[in-house]
There are 2 protein chains.
Amino acid sequence: MAATLKDVASKTGLSIATISKYVNGQTIKQENKEKIDAAIKELNFKINYIAKGLKSNKSMTIGVLIPELENVFATHIMSRVEDTLMNSGYSTIICDYKNDTDLERQKLSFLLNRQVDGIIAVPTHLSKDDLAGLEIPIVLIDRIIDGVNCDCVLVDNKDASFSAVEYLINKGHRDIAIISGPKDVYTARERTLGYIDALVQYSIPLNESYIFHGNYDTQSGYNLTMDIINMQKRPSAIYVTNNEMTIGSVIALNECGVDIPNDISFIGFDNIDFAKVTKPNLSIIVQPRDEIGVTAANLLIEKIHDPDTEKRVIKLKTSLIKQASVSIRK
Amino acid sequence: MAATLKDVASKTGLSIATISKYVNGQTIKQENKEKIDAAIKELNFKINYIAKGLKSNKSMTIGVLIPELENVFATHIMSRVEDTLMNSGYSTIICDYKNDTDLERQKLSFLLNRQVDGIIAVPTHLSKDDLAGLEIPIVLIDRIIDGVNCDCVLVDNKDASFSAVEYLINKGHRDIAIISGPKDVYTARERTLGYIDALVQYSIPLNESYIFHGNYDTQSGYNLTMDIINMQKRPSAIYVTNNEMTIGSVIALNECGVDIPNDISFIGFDNIDFAKVTKPNLSIIVQPRDEIGVTAANLLIEKIHDPDTEKRVIKLKTSLIKQASVSIRK
DNA sequence: CTGTTAGCGCATTCAA
DNA sequence: TTGAATGCGCTAACAG
């Protein structure tokens with residue numbers, strides 16, 4: 001059995017309260033300090049966070065809700081979230097909902113039942129009703145939900161697309177295809193809007209047949225790229241809007257012998273490691289994944305410490321890494 | 001504030017003990033049952049797992065330790081682990097150690113300090129010393145550590161390689177390259193051994209220059225494949241031994257216009273989705289990821305319920321999915 | 001600076 | 001069946 005404060009107390013002859021105070025950072029007579037340290041080491045005493053939690057009504061654990069544990073974008077962020085929280089003494093319970101609407105609710109309530117002190121979620125179908133009236137702070141990533149008092153960490157998706165498409169336009173491209181995500185997903189809608197904005201701003205007629213909607217997985221990136229390759233009037237550039245679809249798209253182009261950038265220019269999304277591997281390296285929109293994770297974790301911690309802080313929506317900038325996958329079109 | 005047993009008790013006029021018993025499944029007078037149900041609903045009472053944990057000395061949470069949250073193989077398994085544990089009422093604290101030896105120990109002790117009821121780990125550098133003498137059950141995945149009383153879930157890595165290479169040999173290949181993992185990693189050693197075994201068994205001379213050691217990431221798969229492509233005497237087949245390196249390898253082959261399977265035959269590893277995307281579909285060794293996760297979780301739960309069970313080592317079979325990426329060599 | 005005491009929410013005796 | 005009482009390990013007054 002693990003040693004308790006009581007054990008340390010009786011070993012040292014001091015009282016439980018004194019040990020507790022010392023362990024929690026209050027000042028103590030030097031002499032006692034040493035006695036306690038010795039006893040702690042000898043008994044291998046560890047603080048019992050359960051008991052502590054019962055007393056303080058805090059579990060020192062945070063729940064995290066993500067679409068899928070195989071989603072590299074999400075897990076990268078979670079990795080930073082976990083580190084940041086751990087440095088503040090929190091542990092992290094990660095739940096994934098496998099892109100399933102019912103599971104999303106179910107796992108949320110699982111976390112809620114677990115006395116977590118806060119939640120960080122990358123929601124897909126959660127609505128106001130699911131989140132209103134909760135007693136603990138919640139930070140949302142990647143999507144804002146109106147009418148609910150949750151902090152948010154977003155990236156400027158519209159601007160991301162805008163800058164990618166603008167870059168292509170400035171290189172002389174006018175026939176630009178976009179492989180976007182599902183129409184009912186917030187990020188996908190925003191990314192499509194940015195694409196349209198750029199075309200409008202540069203007075204390039206919008207060609208609906210250049211707008212493709214995948215479902216953010218590798219296969220759909222592959223399939224839609226095949227469709228693009230086989231188009232009557234093939235665009236001179238493709239802009240792909242997430243990690244997995246970028247891989248699928250490159251595979252398709254490679255397989256068909258469509259050369260990047262001579263036959264087609266290419267801008268991908270998110271997959272920075274992958275972009276470095278291909279030749280030529282891919283131009284790519286990168287999201288500040290580390291910053292997203294750290295920011296979300298910090299927002300949550302602050303909100304826990306001071307629940308009255310105003311709702312904050314942090315919008316982070318993406319950046320466009322320009323590499324050799326885009327050619328000049330005359 | 002959340003309602004407690006006490007609140008339900010005073011609302012119903014019954015005692016705390018009775019409510020507790022009912023909530024935990026003991027039989028109760030029908031009449032009271034209804035009263036309690038009503039009160040629970042009205043007060044939105046939820047069991048407090050912290051208090052319960054203090055009493056029972058169980059936290060109902062399991063710690064999970066993985067190399068990296070971006071490792072798709074690991075996270076897929078964890079996804080199944082999490083589901084399985086949740087169905088038994090456990091929550092899951094996932095920690096990743098970013099492939100760092102110090103962090104690996106550090107996060108392990110973080111979990112140990114957290115009153116988890118058990119741990120599931122995918123270890124890299126943990127040794128007997130780190131695991132000996134722990135008071136809670138531990139299940140290891142992917143690697144066995146001698147002299148320690150931990151259950152293990154492994155796959156037969158040697159056999160996996162053997163069957164891949166044997167298949168190539170039966171197709172007439174004799175010059176077969178392997179892209180294996182780091183020499184100090186258990187799975188990589190086993191996979192290399194299986195490769196060698198197959199050659200030996202079929203009396204094919206071992207060519208050391210066909211054995212490559214990457215570090216299990218996309219970039220090294222790409223680089224080593226480039227090396228292979230540029231070899232004086234290029235092998236007629238490549239066998240790549242993990243998920244990420246398989247992607248890197250295919251990218252390299254595609255970029256150099258090396259046709260699969262006409263110019264080179266190819267067998268990959270793990271990446272079943274990716275294998276379906278490429279044309280031709282890749283032949284691939286697949287590990288039973290779902291089964292690994294479920295098995296590990298079940299082993300742990302059983303061990304928690306009955307700590308005296310003998311140490312068990314479960315070795316699961318991989319399978320070889322045969323697709324068009326391997327050609328017959330005369 | 002230290003010790004005494006009460007109580008966090010629950011499960012579990014033991015009586016009734 | 002039900003209830004009163006006790007304690008899990010810890011923190012937070014308060015008193016010394």
Side-chain angles (χ1 to χ4, degrees), chain A residues 1-37 39-40 43-61 89-91 112-117 135-136 304-305, chain B residues 1-37 39-40 43-61 89 91 112-117 135-136 305:
Chain A
M1 279 311 299
T4 71
L5 279 189
K6 203 202 242 171
D7 299 322
V8 180
S10 61
K11 179 128 218 132
T12 55
L14 297 164
S15 79
I16 295 183
T18 306
I19 317 290
S20 168
K21 279 167 196 156
Y22 175 55
V23 165
N24 288 290
Q26 294 195 32
T27 39
I28 286 280
K29 206 197 284 182
Q30 179 62 30
E31 182 192 331
N32 289 336
K33 216 178 265 191
E34 289 160 10
K35 264 201 282 192
I36 298 178
D37 280 334
I40 285 181
L43 298 170
N44 190 29
F45 167 80
K46 302 267 165 56
I47 260 194
N48 183 328
Y49 286 91
I50 306 252
K52 189 166 183 158
L54 178 59
K55 188 67 197 168
S56 61
N57 200 27
K58 291 194 172 9
S59 61
M60 294 306 282
T61 83
Y90 290 91
S91 32
L112 258 10
N113 283 336
R114 275 295 173 147
Q115 273 75 42
V116 294
D117 296 338
E135 290 177 341
I136 55 170
I304 288 174
H305 291 156
Chain B
M1 278 311 300
T4 71
L5 279 188
K6 203 203 247 174
D7 299 322
V8 179
S10 61
K11 179 126 219 135
T12 55
L14 296 163
S15 78
I16 296 182
T18 306
I19 318 290
S20 169
K21 280 168 193 153
Y22 174 55
V23 166
N24 288 290
Q26 292 195 32
T27 39
I28 286 282
K29 206 197 285 181
Q30 178 63 31
E31 182 193 331
N32 290 335
K33 214 178 270 194
E34 289 160 9
K35 262 200 283 191
I36 298 178
D37 280 333
I40 285 181
L43 298 170
N44 190 29
F45 166 80
K46 302 267 166 54
I47 245 188
N48 182 328
Y49 285 91
I50 305 252
K52 190 166 184 157
L54 178 59
K55 192 68 199 160
S56 61
N57 201 26
K58 289 190 174 18
S59 63
M60 294 305 281
T61 83
S91 35
L112 258 12
N113 283 337
R114 277 293 174 150
Q115 273 75 41
V116 294
D117 295 337
E135 290 177 341
I136 55 170
H305 291 156

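Quick note on labels: first sequence line is chain A, next is B, and so on, each numbered from 1. Because the structure is predicted, anything quoted here is derived from the model rather than measured.
- Within a heavy-atom distance below 4.0 Å of DNA chain D, the residues of residues 4-15 of chain A found are A:Thr4, A:Leu5.
- Listed candidates were D:dC8, D:dT1, C:dC10. Nearest to the side chain of B:Leu54 is D:dC8.
- Applying the salt bridge (charged side-chain N to carboxylate O under 4.0 Å, His left out) rule to pairs touching residues 10-32 of chain B yields B:Lys11-B:Glu42, sequence neighbours excluded.
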Considering only nitrogen or oxygen atoms on both sides, find all protein atoms under 3.5 Å from nucleotides 14-16 of chain C and state each distance.
none

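- Results of the side chain to side chain donor-acceptor pair (under 3.5 Å) test with B:Tyr22 over B:Asp37, B:Thr27, B:Asn32 single out B:Asp37 as the only residue that passes.
- Note that the two end axes of the helix from C:dC1-D:dG16 to C:dA16-D:dT1 enclose an angle of 30°, each drawn from 5 base pairs, rounded to 10 degrees.
- Between B:Ile40 and B:Val23 there is a side-chain heavy-atom pair separated by less than 4.5 Å.
- Under the side chain to side chain donor-acceptor pair (under 3.5 Å) criterion, B:Ser10 pairs with no residue at all, not counting sequence neighbours.
- Side-chain nitrogen and oxygen atoms of B:Asn48 include none within less than 4.0 Å of the OP1 or OP2 phosphate oxygen of C:dC8.
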Could you run down the sub-3.5 Å N/O contacts of the protein with nucleotides 5-7 of chain C?
| unit_1 | atom_1 | unit_2 | atom_2 | d |
| --- | --- | --- | --- | --- |
| C:dG7 | N2 | A:Lys55 | NZ | 2.8 |
| C:dG7 | N3 | A:Lys55 | NZ | 3.2 |

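- Across the protein-nucleic acid pair, A:Ile16 atom CD1 and D:dG7 atom C1' stand 12 Å apart, rounded to whole Å.
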Check against side chain to side chain contact (heavy atoms under 4.5 Å, CB included), B:Leu5 and B:Asn48: CA-CA 9 Å; B:Leu5 279 188; B:Asn48 182 328; over 6 Å; no
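- Ranking C:dT2, D:dT11, D:dT2 by closeness to the B:Ile28 side chain, first place goes to D:dT2.
- Residue A:Asn32 places no side-chain N or O under 4.0 Å from the OP1 or OP2 atom of C:dC1.
- A donor-acceptor contact shorter than 3.5 Å links the side chain of A:Ser59 to the backbone of A:Gln115.
- Here the rule is side chain to side chain contact (heavy atoms under 4.5 Å, CB included) with A:Tyr90, and of A:Ile304, A:Thr61, A:Val116 only A:Ile304 fits it.
- For the pair A:Tyr22 OH and D:dT11 P, the computed distance is 15 Å after rounding to whole Å.
- Summarising the geometry of B:Glu135 relative to A:Ala2, their closest heavy-atom pair is OE1-N, 4.1 Å, with the distance given to 0.1 Å.
- Within the 4.0 Å cut-off from OP1 or OP2 of C:dC10, not a single side-chain nitrogen or oxygen of B:Ser20 is found.
- A residue-by-residue look at B:Ser56 and B:Thr27 shows that B:Thr27 has its nearest nucleotide of DNA chain D further toward the 5' end.
- Taking every side-chain heavy atom of B:Ala51 into account, C:dC10 is the closest of D:dG3, C:dC10, C:dC1.
- Here A:His305 contributes atom NE2 and A:Asp117 contributes atom CG; the two are 9.0 Å apart, rounded to the nearest 0.5 Å.
- Residue B:Tyr49 is out of contact with every strand shown, counting any heavy-atom pair closer than 4.0 Å.
- Under a 3.5 Å cut-off, the side chain of B:Ser20 and the backbone N or O of B:Ile16 do not form any donor-acceptor pair.
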